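Structure first, commentary second.
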Amino acid sequence: MKASVSSGNSNSSSSSSVGVGASAGAAYGGGDYPRYLADMVRRLEEVNNQLTDRVQKLEREERYREELRNRYEREIKKLRAEIEKLRTPPLVVGTVVDVIDDKRVVVRSSAGPKFVVNYSQSIDPKEAAPGTQVGLSQQSLAVVSVLPSAKDPSVYGMELIESPEVDYNMIGGLNEQIEEIKEVAELPLTAPEQFERIGVEPPKGVLLTGLPGTGKTLLAKAVANRTSATFIRVVGSELVQKYIGEGARLVRELFALAKEKAPTILFIDELDAVAARRVEDGTTGEREVQRTMMQLLAEIDGFNPRGDVRIIAATNRPDILDPALLRPGRFDRIIEIPVPDREAREKIFRIHTSKMKLGKDVELDTLAALTENATGADIKAISTEAGMFAVKRNKKSIEMEEFEQAITKIIGDEQKHHLYPKETGAMFA
Ligand code: ATP
């Protein structure tokens, strides 16, 4: 009989074949048979150890392969989910108009019509309050997700400054207007009890009218600084949106943001873009502007005049504003910001050149005389431009020569503009 055990490993250095038989036993001689058996047992143990090692190694390899397979399966699953996600149809954006019960809401899709739809059980009913923006399934229009509010100022081009660094002494020539705005916008924030004691309500909104660059924004910023209020500036045209209901929602969120950041000075520039007199031309665009304005009026009517949000609006076309806006309780205080006169221009020059090194020949009153019709913004531009000329020429200070050139550069063109309308008018007269 012959028993053969092989490790099956061709690289194995030790021979793993063990022969057991009478002929092999005979080689040890009759008396050596026990030694032969002992030898045999030792060899078999050796082979057994080798085989155990081999089995363990194979088991380790098997485990590693198993792990690898699991890892790849996970990866495949993830990629499949990603593909699935990319294949899912987009959600329709809508706005919750009304909550009917804990299963149904009325939503208005961005295309216009309203729908009664269900909402996913995963949505907290409190989150789906009227006015919230939601994502709707394309097929059933069911509310699938609640979208975050767009109160982020950068989203709609709002400017938000915690407390602007502008003081009244940085505004030239508007003393009367400063006094007036202090009374109607600053005092209600700093000393509301004075109004309460007398029993009058401060005006809710102040309207600044005047040409661009005359300092309207500057004035509003100074009020915010004095009252340590947050300054939010939004341009009227940004509130007019393309889609139905968007503008109104934006106005709502703007006021919510103002209340959240209170005390706040809410500055609406170019108010005429959203509040021009209503003309029924029947277009959707026109209706949308009106809807935005109605929301603005509703917000103004709805807030407390003694609260800590003050609205200051600005326009250079007060003539086209809807009279509804100017009614008592709305923008009932109008402050006209004039183009600076000679004295004011001198003051504005003084403000903008205060940190500049001026030559001995520079006379601010002469500069004021040379800049008739210039606004505060023009004067600022002239001062900066004169400084640039001096830098270019490597001068130690800015001299009259640079100012004269800057005046020609900045308002030379504008003065031509002043002439043109007259000439054109004469042609058609
Ligand atoms: P717009 O209607 O275009 O918004 P605005 O009337 O609000 O114009 P501001 O933005 O306040 O004008 O002014 C522009 C810049 O002009 C200001 O940053 C400021 O440097 C300068 N400026 C305007 N008016 C004055 C002023 N009265 N005193 C000092 N600087 C002024």
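This structure is a prediction, so every number in the text was calculated from the model and none was measured. As the structure lists them, so they are numbered: ligands from 1, and atoms in each ligand from 1. Side-chain atoms are counted along with the backbone in the values below, which use heavy atoms only and exclude waters and symmetry mates.
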Q: May I ask you to decide if Leu266's main-chain N or O and Thr264's side chain share a donor-acceptor pair within less than 3.5 Å?
A: no
**Q.** Part of Asp269 within contact of ligand 1 (heavy atoms, under 4.0 Å)
**A.** side chain
Q.
Please list, in number order, the atoms of ligand 1 under 4.0 Å from a heavy atom of Ile171.
A. 27 (N), 28 (N)
**Q.** Shortest non-hydrogen contact from Ala374 toward Val339
**A.** O-CG1, 3.8 Å
Q: Nearest 0.5 Å please: distance from the CD1 atom of Ile382 over to the NZ atom of Lys380.
A: 13.0 Å
Q: Grab the two heavy atoms, one from Leu296 and one from Ile268, that are nearest each other, plus how far apart they are.
A: CD1-CD1, 3.9 Å
Q: Can you figure out which of Ile337, Thr384, Leu218 has its heavy atom closest to atom 17 (C) of ligand 1?
A: Leu218
Q: List the closest protein heavy-atom neighbour of atom 30 (N) of ligand 1: residue, atom name, distance to the nearest 0.1 Å.
A: His352 NE2, 2.9 Å
Q. Hey, what's the ring geometry for Phe403 with Phe349, parallel, tilted or perpendicular (30° and 60° as the breaks)?
A. perpendicular
Q) At what distance is the nearest protein heavy atom to atom 22 (N) of ligand 1, and which residue and atom is it? A) Gly376 C, 3.6 Å
(Q) As a check for students: among Pro338, Gly213, Gly210, identify the option with a heavy atom nearest to atom 12 (O) of ligand 1. (A) Gly213
Q | Check: Arg345 side chain, Pro340 main-chain N or O, donor-acceptor pair, under 3.5 Å | A | yes
Q) Do any nitrogen or oxygen atoms of Pro212 come within less than 3.5 Å of a nitrogen or oxygen of ligand 1? A) no
Q.
Testing the 3.5 Å rule here: is there a donor-acceptor pair between the side chains of Thr375 and Asp378?
A. yes
**Q.** For Met170, atoms of ligand 1 separated by under 4.0 Å from a heavy atom
**A.** 28 (N), 29 (C)
(Q) Suppose we measure from atom 20 (O) of ligand 1 to each protein heavy atom; which comes out shortest, and what is that distance? (A) Lys380 CD, 3.0 Å
Q. Taking non-hydrogen atoms only, is Ile348 closer than 4.0 angstrom to ligand 1 via side chain, backbone, both or neither?
A. side chain
Q: Check whether the side chains of Tyr168 and Glu186 place a donor and an acceptor atom closer than 3.5 Å, and report yes or no.
A: yes
Q | Distance from atom 7 (O) of ligand 1 to nearest protein heavy atom, with residue and atom | A | Thr217 OG1, 2.4 Å
Q. Ala344 and Gly173: which non-hydrogen atoms are nearest, and at how many Å?
A. CB-CA, 3.7 Å
Q) Between Lys216 and ligand 1, which residue portion shows a heavy-atom distance shorter than 4.0 Å: side chain, backbone, both, or neither? A) both
Q: Test side-chain hydrogen bond (donor to acceptor under 3.5 Å, both in side chains) on Gln405 and Glu401 and set out the steps.
A: CA-CA 6 Å; Gln405 274 181 341; Glu401 189 190 346; 5.3 Å; no
Q: Specify the protein heavy atom at minimum distance from atom 16 (O) of ligand 1: its residue, its atom name, and the distance to 0.1 Å.
A: Ala377 CA, 3.2 Å
Q. Is Arg233 close to ligand 1, meaning an N/O of one under 3.5 Å from an N/O of the other?
A. no
**Q.** Heavy-atom nearest neighbour in the protein, as seen from atom 28 (N) of ligand 1, with distance rounded to 0.1 Å
**A.** Gly172 N, 2.9 Å
